[in-house]
Amino acid sequence: MNWKRSLTLLCFTILISSSTVETREDIKIGVILPMSTEDLWILPKTSPAIDIAVKKVMKRENLLRGRKILVTYEDSKCDETEGPLRAIDMYVKKSAHVFLGPACNYAVAPVARFSYSWNIPVISAGALVSAFEDKSEYKLLTRIMGSYAKLGHFVEEAFDMFDWSVVGLLYSSKKGPNDGRSSCYFAVEPLFHAMTRKTNQKPWHESFDEEDKVLLDYGKLLTKASKHTRSK
């Protein structure tokens, strides 16, 4: 947890240092994260670190100059509707000078688009998808974790080092018409583009639904992959 606390403290320090010296307005931080998901950035895990960071920063009187740090916690539910609604509530109520989160891709995307018009920066430990690199669209978004695009660069360099040219991609993705893209899909996406650039052709790829216990056959998938990805 120490590194998480340090990152959070750093975010607060940057915010406070950039605040207008003349104003005596309290510093307001809006935290928009889910209460429960499989990811690490849920409120029960992150809020204690944020609270510790707030206490540490408030002890540094030379930074605060008499102001307080007010933190508002909201549940994004990792949802493309709930996340933006919580951000809109904070904007209307003027309860955030900066957003910590959302972190889930579909929740953070609209908030990161709105934030420039609101002049409220967004700091996220998520938003790992390559599309968030577009600063013309997500102008005030700062990501503090390595993105999926970095993974693509790493794999591309590994292929250069070992002189590999044949690759296949297997990834988990739900098949329902109303299902969004999976985290696995977004992680594999930059690898797909990296290998396309490297070999000038699209690599073989196949998706499967890991929750479909009836139709899922790993043996069949691996056999199919071996026919398309082994070097000749």
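In this chain, residues are counted from 1 in sequence order.
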Problem - Euclidean distance, His97 NE2 relative to Ile69 CD1, rounded to 0.5 Å - result: 12.0 Å
Problem - Side-chain heavy-atom pair Tyr218, Leu170 within 4.5 angstrom cut-off - result: no
Problem - Any Leu216 side-chain heavy atom under 4.5 Å of Leu221 side chain - result: yes
Problem - Salt bridge flag under 4.0 Å for residues Glu137 and Arg113 - result: yes
Completion exercise
CG of Leu222 to CG of Asp217, rounded to nearest 0.5 Å, is 9.0 Å
Practice task
Drop me the distance from Ile42's CD1 to Leu33's CG, to the nearest 0.5 angstrom.
Solution key: 10.0 Å
Exercise for the section: Answer yes or no: is there a side-chain heavy-atom contact under 4.5 Å between Phe99 and Val108? Expected result: no
Fill in the blank from the handout: Smallest heavy-atom separation, Met35 atom then Leu43 atom, equals SD-CD1, 3.6 Å
Handout entry: Minimum-distance pair of heavy atoms, taken over all atoms of Glu25 and Arg67
Key = O-CD, 2.9 Å
Enumerate, atom names and distances included, each donor-acceptor pair closer than 3.5 Å involving a side-chain atom of residues 81-91, sequence neighbours excluded.
unit_1: Glu82; atom_1: OE1; unit_2: Arg86; atom_2: NH1; d: 2.5
unit_1: Arg86; atom_1: NH2; unit_2: Asp89; atom_2: OD2; d: 3.0

Exercise for the section: Indicate if Ile120 and Leu70 have the same hydrophobic cluster label, given that clusters are the connected sets of ILVMFWY residues with side-chain heavy-atom separations under 4.5 angstrom. Expected result: no
Problem - Side chains of Val71 and Leu100 in contact at under 4.5 Å (non-hydrogen atoms) - result: no
Exercise for the section: Can you label the angle between the Trp204 ring and the His228 ring as parallel, tilted or perpendicular, going by 30° and 60°? Expected result: parallel
Exercise for the section: Answer yes or no: does atom CG of Asp134 have more than 12 heavy-atom neighbours from other residues, nucleotides or ligands under 6.0 Å? Expected result: yes
Handout entry: Nearest atoms (heavy-atom pairs only) where Gly30 meets Ala96
Key = N-CB, 3.8 Å
Fill in the blank from the handout: Applied to residues 47-83, the disulfide bond (SG atoms under 2.5 Å apart) test, sequence neighbours excluded, yields Cys78-Cys104
Handout entry: Point-to-point distance, once rounded to the nearest 0.5 Å, from CD of Glu74 to OG of Ser76
Key = 10.0 Å
Exercise for the section: Decide whether Tyr138 and Tyr106 are clustered together by the hydrophobic rule: side chain heavy atoms of Ile, Leu, Val, Met, Phe, Trp, Tyr closer than 4.5 Å, transitively. Expected result: yes
Exercise for the section: Report yes if some heavy atom in the side chain of Phe208 is under 4.5 Å from a heavy atom in the side chain of Ser172; otherwise report no. Expected result: yes
Problem - Minimal non-hydrogen separation, Thr196 against Lys202, with atom names - result: OG1-CA, 3.8 Å
Problem - Atom pair NZ (Lys77) and CD1 (Ile32), whose distance is rounded to the nearest 0.5 Å - result: 13.5 Å
Handout entry: Pairwise side-chain contact, Phe159 with Thr199, heavy-atom cut-off 4.5 Å (strictly under)
Key = no
Practice task
Side-chain contact test, heavy atoms from C-beta onward, threshold under 4.5 Å: evaluate it for Pro34 versus Asp75 and give yes or no.
Solution key: yes
Handout entry: Within-4.5 Å side-chain heavy-atom neighbours: Thr142 and Pro121
Key = no
Completion exercise
Joining Ile, Leu, Val, Met, Phe, Trp and Tyr whenever any side-chain heavy atoms lie under 4.5 Å apart, the cluster holding Tyr116 also takes in Leu140
Problem - Lys135, NZ: over 12 other non-hydrogen atoms inside 6.0 angstrom - result: yes
Problem - For Val129 against Arg143, the heavy-atom pair lying closest together - result: O-NH1, 3.2 Å
Fill in the blank from the handout: To the nearest 0.5 Å, atom NZ of Lys220 lies from atom CD of Glu206 at 9.5 Å
Problem - Candidate pair Ser47 and Val31, rule side-chain contact (heavy atoms from CB on, under 4.5 Å), full reasoning - result: CA-CA 9 Å; Ser47 58; Val31 181; over 6 Å; no
Exercise for the section: Classify the ring geometry between Phe162 and Trp164 as parallel (under 30°), tilted (30 to 60°) or perpendicular (over 60°). Expected result: parallel
Exercise for the section: Provide the closest heavy-atom pair for Ser115 versus Val122 in the form atom of the first, atom of the second, distance. Expected result: CB-CG2, 3.6 Å
Handout entry: Verdict with supporting geometry, Asp163 and Asp160, side-chain contact (heavy atoms from CB on, under 4.5 Å)
Key = CA-CA 5 Å; Asp163 196 25; Asp160 286 335; over 6 Å; no
